[in-house]
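The shown structure was predicted, so the numbers you read here are calculated from the model rather than taken from an experiment.
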Amino acid sequence: QMGERHMMLSYQWDNQELVAKVYDMVSEHNINVWMDIHGGVTGNINEAMASGVEGSAVVCCFMTQKYERSKNCSAELNYANDRGVAVCFNQYLVGWLLTT
């Protein structure tokens, strides 16, 4: 049970359309889900992302090569780790393996 916490969707912007579909599907099941383009980011982006992580029961990462190389995505993962938030890695690209 997540209680008042949410599931945070973490992704690299090239995959926004796919992740937005995941957001819609998860929301249909009355699961509290956080995504930047659905009201998650207002004002300072770094503060908003930190708040997203802090309110998470789990951070679901949509892993791609660009995600792996992104400083912002790495910062989210590191902050989630520092806060003790569970992280779920979703690798959906065929033929690519996470290197870190």
Exam field: side chain N78 to backbone S74, donor-acceptor pair closer than 3.5 Å: yes
Decide yes or no for D36 and W13: does some side-chain heavy atom of the first lie under 4.5 Å from some side-chain heavy atom of the second? yes
Within the 4.5 Å heavy-atom criterion, are V53 and M8 side-chain neighbours or not? yes
Check: E47 main-chain N/O paired with S51 side-chain donor or acceptor under 3.5 Å: no
Distance-minimising heavy-atom pair for E54 and R5: O-NH1, 2.6 Å
H6 side chain to G52 main-chain N or O, any donor-acceptor pair under 3.5 Å? yes
Would you check if V87 and N81 make a side-chain contact, meaning some heavy-atom pair closer than 4.5 Å? no
In sequence, state the C-alpha distance, the side-chain angles, and the governing distance for M35 and V19, and then conclude on side chain to side chain contact (heavy atoms under 4.5 Å, CB included). CA-CA 9 Å; M35 185 176 179; V19 178; 3.7 Å; yes
Report the distance from atom CH2 of W34 to atom CG of L9, rounding to the nearest 0.5 Å. 9.0 Å
Heavy-atom side-chain proximity of M7 to N32 below 4.5 angstrom: no
Just do the side chain to side chain contact (heavy atoms under 4.5 Å, CB included) check on D14 and T64 with the steps written out, would you? CA-CA 10 Å; D14 287 358; T64 62; over 6 Å; no
How about Y23 and I37: do any of their side-chain heavy atoms sit closer than 4.5 Å? no
Going by heavy atoms in the side chains, are C60 and N90 under 4.5 Å from each other? yes
Which distance, rounded to the nearest 0.5 Å, do you find between the SG of C73 and the CD of E68? 11.0 Å
Across all chains, not counting sequence neighbours, the side-chain hydrogen bond (donor to acceptor under 3.5 Å, both in side chains) partners of Y67 are S10
Residue list, side-chain hydrogen bond (donor to acceptor under 3.5 Å, both in side chains) with N72, at least two apart or on another chain: none
Side-chain touch C61/V59, heavy atoms, less than 4.5 angstrom: yes
Beyond-backbone contact of Y79 with M49, side-chain heavy atoms, under 4.5 angstrom: no
